[in-house]
Amino acid sequence: MPIDPSSDTPTGPAADSAAERRAAEPVDVKRALGMYRVMCRIRAFEEHALELLKAGELPGVIHPSIGQEAVPAAVCASLEPGDYVTSTHRGHGHALAKGADPAAMMGELFGRASGACKGKGGSMHIADFSIGMLGANGIVAAGIPIAVGAAQGIKLKGEAAIVACFFGDGAVNRGPFLEGLNWAAVYRLPVLFVCEDNGFAAFTRGAATTAGYGAAARAESIGLRAESVDGNDVLELDATVREFAAEVRGGEGPRFIHAKTYRVTGHTSLDKADYRSVAEVALALARDPLKRLARELGEQGVEAEIFETIEAKERDAIQQAVEAARAAPWPEPESAFEDVQDQGAPR
Amino acid sequence: MPIDPSSDTPTGPAADSAAERRAAEPVDVKRALGMYRVMCRIRAFEEHALELLKAGELPGVIHPSIGQEAVPAAVCASLEPGDYVTSTHRGHGHALAKGADPAAMMGELFGRASGACKGKGGSMHIADFSIGMLGANGIVAAGIPIAVGAAQGIKLKGEAAIVACFFGDGAVNRGPFLEGLNWAAVYRLPVLFVCEDNGFAAFTRGAATTAGYGAAARAESIGLRAESVDGNDVLELDATVREFAAEVRGGEGPRFIHAKTYRVTGHTSLDKADYRSVAEVALALARDPLKRLARELGEQGVEAEIFETIEAKERDAIQQAVEAARAAPWPEPESAFEDVQDQGAPR
Amino acid sequence: MTRMSFVEAGHTALAEEMRRDPAVWVLGEDVAHGGLYGQYKGLAKEFGTQRLISTPISEATIMGAGLGAALVGTRPVIEMRMTDFALCAIDELVNQIAKVRYMFGGQARASLVVRMPHGMVRNSAAQHSQCLEAWFAHVPGLVVVAPGTPADAAGLLKAAIRSDDPVVFLEPKALWQQEGEVPEDTEPIPFGTARIAREGGETTLVTWSTALGPALQAAEEAAAEGMAVEVLDLRSIWPWDVEAVVESVRRTRRLLVVHEAVTTGGFGAEVLATVAERLAGESALRLRRLGAPRVPVPFSPRLEDAIRVDAPDVLDALRTLCAD
Amino acid sequence: MTRMSFVEAGHTALAEEMRRDPAVWVLGEDVAHGGLYGQYKGLAKEFGTQRLISTPISEATIMGAGLGAALVGTRPVIEMRMTDFALCAIDELVNQIAKVRYMFGGQARASLVVRMPHGMVRNSAAQHSQCLEAWFAHVPGLVVVAPGTPADAAGLLKAAIRSDDPVVFLEPKALWQQEGEVPEDTEPIPFGTARIAREGGETTLVTWSTALGPALQAAEEAAAEGMAVEVLDLRSIWPWDVEAVVESVRRTRRLLVVHEAVTTGGFGAEVLATVAERLAGESALRLRRLGAPRVPVPFSPRLEDAIRVDAPDVLDALRTLCAD
Ligand SMILES: Cc1ncc(C[n+]2csc(CCOP(=O)(O)OP(=O)(O)O)c2C)c(N)n1
Ligand SMILES: Cc1ncc(C[n+]2csc(CCOP(=O)(O)OP(=O)(O)O)c2C)c(N)n1
Ligand SMILES: [Mg+2]
Ligand SMILES: [Mg+2]
């Protein structure tokens with residue numbers, strides 16, 4: 001029997017309240033379509049990137065978030081332009097949802113001078129400080145202390161912004177998870193923690209190495225209001241994020257969302273992920289967050305054509321981003337020696 | 001109003017069960033007097049050491065555990081000779097309670113060749129591997145991963161021993177706390193975690209920097225059975241430790257004890273601890289674990305003389321340890337270059 | 001002799017050691033699934049998941065638990081996946097593992113191996129490409145090993161597992177698939193013995209790990225230009241074969257040290273300084289280092305190429321050295 | 001000029017910077033209570049506990065949060081209590097702080113100071129005595145500063161706080177109470193400028209931080225024996241004043257580098273290697289290092305003395321160097 005991908009992490013009592021919260025209000029179709037658009041953008045970006053990798057056009061590897069798009073789409077729907085996000089190695093979705101330019105991101109994947117980081121970072125280090133995207137991170141859980149520090153800086157400066165901090169289910173077993181949550185709670189910092197539980201930490205199931213009652217229970221013990229939500233249901237996510245983000249913005253301290261989703265691809269673009277059954281993946285695919293939203297909105301009377309139009313437009317935009325990246329110049333070799341530090345010559 | 005030293009950390013619902021467990025059984029006087037002896041030994045050892053420091057006879061500083069003696073005394077009363085302990089910078093009590101030789105320990109404090117570590121470790125690094133005392137540690141929380149690893153090694157070798165892992169209330173905010181507890185729970189390792197909550201992390205109150213529901217709640221969220229106990233009541237401690245240690249020994253996985261006590265001295269032998277009121281300290285002194293046990297056993301008919309005899313004997317033994325240490329030779333300078341590593345000359 | 005890749009050489013050596021000594025076991029992320037590079041493939045099947053433990057992502061505890069398990073008499077092989085991730089476990093390595101024996105007056109032994117694949121490969125950028133052998137060489141208590149061929153990987157891994165001292169074992173990620181001849185029943189290779197990778201009497205080139213390839217290639221091209229370059233592969237960084245290097249430079253009066261790591265504060269500095277001290281006051285010496293500039297590793301292939309030490313760079317450095 | 005201790009010099013400089021720039025603030029254990037060494041005494045009163053935050057014992061997050069706060073435009077002073085405890089935050093320092101600017105293509109600045117009191121004092125043994133400037137010098141992106149006098153501590157701390165680059169600021173624990181003349185309204189001291197601590201034309205002695213005292217004392221005794229020793233205090237380790245050192249050795253042909261840290265892989269190796277490279281092929285040089293042996297720091301005063309670099313050791317090394 002295939003493992004049900006959405007149930008191998010123990011669920012706290014809070015899981016139902018998210019569903020209730022969602023049910024308590026009518027669907028805001030415009031907002032929902034906005035989130036659909038973001039999900040399509042992420043999906044198109046990563047599907048293109050995977051193809052380009054296969055064709056040998058991109059250097060390195062990527063960590064695709066296909067199947068997990070609802071989480072960044074819903075979280076960033078409640079963020080203002082002046083808010084911040086910190087991200088992970090699997091960070092394309094976070095950047096795109098916060099508003100990063102796909103062309104600059106694609107340029108970065110190509111390693112070109114037009115890239116968001118001038119080709120110095122690559123997929124794992126995409127950042128766009130102009131929109132508050134404080135950077136993807138190649139070290140599991142390393143974004144957590146950075147997020148709480150950003151929130152502390154915001155508070156010190158008397159600004160109103162909040163920080164959304166994304167990390168995976170594997171990160172809940174690294175020390176900075178405890179340290180950062182405790183820190184945010186002690187200083188009542190404006191951080192919305194978002195655990196994207198995609199079922200896996202690389203080739204090992206998250207649940208196999210995570211004891212106890214899961215991420216949300218850990219957060220609760222540290223004094224954070226926390227909830228588990230269906231991370232493939234963008235509307236359920238949105239209802240909870242809106243409430244939690246408002247509390248964070250209102251100065252009530254940090255909040256924690258545990259979003260249960262599934263990583264339908266391998267860990268990286270190289271990983272065949274043969275440590276799980278086809279049936280298990282099929283079960284997850286049936287829960288695809290894009291299809292699910294389209295189906296549900298369709299039931300509410302939104303025409304199928306609208307989804308197709310959105311999807312096609314996003315695909316086109318990404319295609320253009322690819323072409324721009326392909327045409328962009330390589331960085332000058334000399335630029336490898338820039339942006340290191342002001343004091344002390346690099347050679 | 002002085003802060004009640006035993007109540008500034010939030011208490012989980014488990015606090016009462018420890019008291020109930022203690023009340024449920026008659027006092028085992030012989031066992032209690034054994035623990036009294038250990039407490040006297042620790043007290044005498046540290047009071048002597050503090051005097052010697054004041055007199056300029058000892059190098060360095062020490063971290064006294066005066067007022068906290070009930071915790072190691074009770075924990076080690078449930079350990080077998082083949083069991084292990086890991087310790088902290090405030091570790092004299094752990095070593096003595098596990099059975100370390102006071103003369104070797106005092107020799108170490110004096111920096112003599114007769115020391116437990118040949119003078120290389122000092123107060124903060126006392127170890128005695130012959131009795132399973134795997135070492136004090138100068139890094140807060142660093143003993144936790146070592147303890148879980150020792151337990152994993154034990155399991156791998158098919159041995160029956162358990163590991164008692166001591167750490168302070170400050171340690172619950174360091175990453176290894178989360179990592180180590182999760183690890184022990186995932187692999188169901190034979191570890192008894194003991195948080196000695198003495199109210200302070202150096203010059204800052206533990207509670208001021210610890211969010212949420214306290215150490216035991218954190219442990220519970222990670223899946224460990226956990227309880228808060230009165231750490232100045234050796235009988236309450238003993239009742240809970242016995243039960244938990246038996247479970248650990250029975251292969252039921254790790255257990256967690258949060259012992260609430262108070263640091264009546266400064267953080268180190270140099271610290272005047274003027275960040276707290278005299279009244280607060282007086283309140284704590286009134287709860288002194290030695291006096292408390294003597295009073296209670298006295299009420300049960302044990303004669304006062306017995307306590308005086310035990311105390312005097314322990315003081316004498318420590319006095320002899322001091323004299324032996326004083327008379328012991330300094331280590332040879334050349335020994336500074338030994339015990340580094342077999343491969344590669346140190347200079 | 002069997003032809004095998006770096007991955008296979010390490011795999012074979014580890015499996016043989018695990019068969020020989022039941023106290024040897026492995027802990028690290030994904031090791032029961034074969035490890036990130038396949039270096040543990042199938043071992044869980046032979047030895048069970050008690051001896052190949054796929055751990056949580058808890059580097060500090062992977063390292064610290066390895067130590068604890070060593071203290072009670074087992075011999076852990078700690079898999080760190082990359083040197084970069086070991087930076088999450090430096091207290092455990094440097095304050096604990098390296099020091100327990102000494103601090104405790106000889107009572108404790110941290111007999112364990114920490115495997116840290118290192119260096120640039122496949123455009124992995126600044127947090128997945130570092131070489132830090134110089135750091136570990138600076139830490140009393142640690143042995144530091146950095147093989148550059150499959151045969152050395154096998155022999156040194158055996159020596160590392162049998163060593164009572166803790167060993168930091170640096171594996172060249174870029175060379176996992178590189179093949180070489182490996183003797184059957186490989187014997188442990190003693191630490192501190194350099195290997196003469198190429199004979200040549202005029203200039204001494206000292207190198208190790210990922211830089212061995214470019215060094216040998218450059219030495220060959222240099223030969224065509226009339227420069228006879230002797231290439232010494234240190235293989236172990238601590239202890240290192242001071243005598244072999246000093247003896248060679250005493251003859252050649254010329255030394256080039258080549259490594260992938262950043263030049264500033266790199267281990268090449270230690271080699272030059274030691275040679276300069278040992279041969280002080282004798283006739284003028286020509287000593288040079290070639291390593292990475294003091295910049296983080298960039299992502300773009302163009303930028304990586306700009307900072308990578310490759311054969312043409314080594315050849316240039318040799319030309320300069322010989323022209324002096 | 002005012003006579004003040006190392007503690008007071010740093011205290012005054014920090015207070016002045018905090019008055020000058022409201023973006024400057026401090027985070028670390030016990031800092032609101034004045035800090036472990038009294039180096040923050042009273043500052044919470046003047047600036048409030050929003051700008052002097054006594055943190056949990058969470059080194060990784062102290063370091064990482066400092067970075068996060070810098071990324072949104074504040075200028076944190078991160079107090080690590082001791083270099084040894086910073087080993088619990090090396091990922092945050094080396095993988096994050098040092099690299100963000102580069103990885104993100106210049107978008108980010110980690111304008112912050114990490115204060116790390118270092119070195120032996122009061123028999124604190126292996127986990128409370130380390131000197132690791134060589135490590136930080138090896139990490140692209142970091143500035144590394146190591147003052148040896150109160151005046152330099154004040155001027156360099158001001159420069160560190162105003163620096164847009166992240167600065168590792170190493171303070172000599174053993175010298176906290178040492179007094180010296182400090183100018184009123186201290187000006188920032190530019191990094192990379194060595195200070196001639198003593199003139200003398202025959203032998204160059206390069207040193208920094210805690211080793212400055214023994215070096216000067218030995219130089220004075222050497223003068224009585226007829227050796228004229230020029231003492232250069234590097235003050236900053238990266239950037240360091242290569243030109244001043246090379247220029248001096250070009251004159252003297254003799255160099256001794258003295259530091260408290262372990263010799264093997266210590267920054268003295270970088271100084272020797274650089275000088276050897278820069279003066280390669282000129283007439284024979286005499287280059288030597290004096291640092292700690294490759295052993296952890298022991299507790300007993302007798303053992304500490306056996307490994308400590310003190311004035312007689314420096315004098316011996318000078319005698320050997322000059323006798324060569
Ligand atoms: C500290 C650290 N350890 C290990 C790795 C290697 N690694 C990269 S991603 C990953 C799995 C992370 O799992 P999770 O946090 O659940 O995120 P996901 O990949 O599922 O999005 C691992 C082990 C790393 N990058 N950083
Ligand atoms: C990682 C680390 N950070 C800081 C210190 C400095 N330090 C030593 S003891 C201590 C307080 C520890 O508090 P707690 O864990 O409650 O133990 P207690 O001293 O109260 O026994 C601190 C901050 C240290 N030794 N290690
Ligand atoms: Mg995951
Ligand atoms: Mg405490």
Side-chain angles (χ1 to χ4, degrees), chain B residues 58-61 89 108-113 115 117-125 137-142 168-177 201-206 208-211 267-268 270-271 274-275 329-341 344-347, chain D residues 27-38 40-41 49 53-62 64 81-82 84-89 91-92 120-130 262-264 289-308:
Chain B
L58 295 190
V61 300
H89 56 286
E108 193 58 34
L109 264 58
F110 271 85
R112 302 299 165 98
C117 306
K118 305 182 193 162
K120 283 176 178 156
S123 161
M124 212 156 37
H125 303 299
N137 207 308
I139 304 296
V140 169
D169 49 312
V172 308
N173 297 322
R174 272 208 69 223
F177 175 84
F203 315 143
T204 300
R205 283 184 200 275
T209 54
T210 307
H267 171 53
T268 66
L270 290 174
D271 173 24
D274 51 12
Y275 38 82
W330 291 102
E332 293 299 322
E334 266 312 302
S335 74
F337 303 90
E338 294 161 6
D339 297 322
V340 182
Q341 60 187 109
R347 52 177 173 181
Chain D
L27 70 167
E29 294 151 16
D30 296 318
V31 297
H33 288 82
L36 185 59
Y37 314 96
Y40 300 104
K41 211 167 157 180
T49 51
I53 297 191
S54 279
T55 67
I57 307 178
S58 305
E59 276 73 14
T61 298
I62 298 171
R81 211 175 179 109
M82 298 188 190
D84 313 76
F85 307 151
L87 300 193
C88 302
D91 169 55
E92 291 70 18
M120 288 191 247
V121 73
R122 214 186 282 120
N123 305 98
S124 301
Q127 294 176 337
H128 286 63
S129 304
Q130 287 160 97
V262 167
T263 304
T264 302
R289 296 172 289 171
L290 180 64
R294 198 171 178 278
V295 307
V297 176
F299 166 72
S300 176
R302 291 298 164 96
L303 300 177
E304 245 196 9
D305 288 350
I307 66 145
R308 178 187 282 108

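Since the structure is predicted, the reported quantities are computational estimates derived from the model, not experimental observations. Convention: sequence-line order gives letters A, B, ...; per-chain numbering from 1.
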Query raised in the report: Quick one: CD on E29(D) to CD1 on I53(D), what's the gap to the nearest 0.5 Å?
Result: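 Interatomic distance, E29(D) CD to I53(D) CD1, rounded to 0.5 Å: 13.5 Å.
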Report task. Find the distance between NE2 (H89(B)) and NE2 (H128(D)) and round it off to the nearest 0.5 Å. Result ->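 So the gap between those two atoms works out to 8.5 Å.
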Query raised in the report: Who among P298(D), P301(D), S300(D) has the most heavy-atom pairs with chain B under 4.5 Å?
Result: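 Top count of heavy-atom pairs under 4.5 Å with chain B: S300(D).
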Query raised in the report: Among C88(D), A126(D), S124(D), which has the most heavy-atom pairs under 4.5 Å with chain B?
Result: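 Of C88(D), A126(D), S124(D), C88(D) has the most heavy-atom pairs under 4.5 Å with chain B.
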Query raised in the report: Any luck finding a side-chain donor-acceptor pair between T210(B) and N173(B) under 3.5 Å?
Result: yes
Requested in this report: Select one option (side chain, backbone, both, neither) describing which atoms of N137(B) are under 4.5 Å from chain D's heavy atoms.
Outcome: both
Requested in this report: Heavy-atom distances under 4.5 Å only: say whether L270(B) touches chain D with side chain, backbone, both or neither.
Outcome: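 Side chain only.
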For the interface with chain D, which of [options] has the highest count of heavy-atom pairs at distances below 4.5 Å?
| options | answer |
| --- | --- |
| R112(B), K118(B), H125(B) | H125(B) |
| G121(B), A171(B), A208(B), A141(B) | G121(B) |
| P333(B), S123(B), G138(B) | G138(B) |
| P346(B), A336(B), G111(B) | P346(B) |
| A142(B), A202(B), G175(B), A113(B) | A202(B) |

Query raised in the report: Listed by chain and number, what are the side chain to side chain donor-acceptor pair (under 3.5 Å) partners of D271(B), not counting sequence neighbours?
Result: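 Once residues adjacent in sequence are excluded, the partners of D271(B) under the side chain to side chain donor-acceptor pair (under 3.5 Å) criterion are Y275(B).
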Query raised in the report: Which residues satisfy the side chain to side chain donor-acceptor pair (under 3.5 Å) test with Q341(B), sequence neighbours excluded?
Result: R294(D)
Under 4.5 Å from any heavy atom of chain B - which part of [X]:
| X | value |
| --- | --- |
| T55(D) | backbone |
| L36(D) | both |
| T263(D) | neither |

Query - Test side-chain hydrogen bond (donor to acceptor under 3.5 Å, both in side chains) applied to D84(D) and Q130(D), step by step - result: CA-CA 6 Å; D84(D) 313 76; Q130(D) 287 160 97; 2.7 Å; yes
Query raised in the report: Should we say atom CD of E338(B) is surrounded by more than 12 heavy atoms from elsewhere, each under 6.0 Å from it?
Result: yes
Requested in this report: Report yes if the distance between the aromatic ring centroids of H33(D) and Y40(D) is under 6.0 Å, otherwise no.
Outcome: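 That pair fails the under 6.0 Å test.
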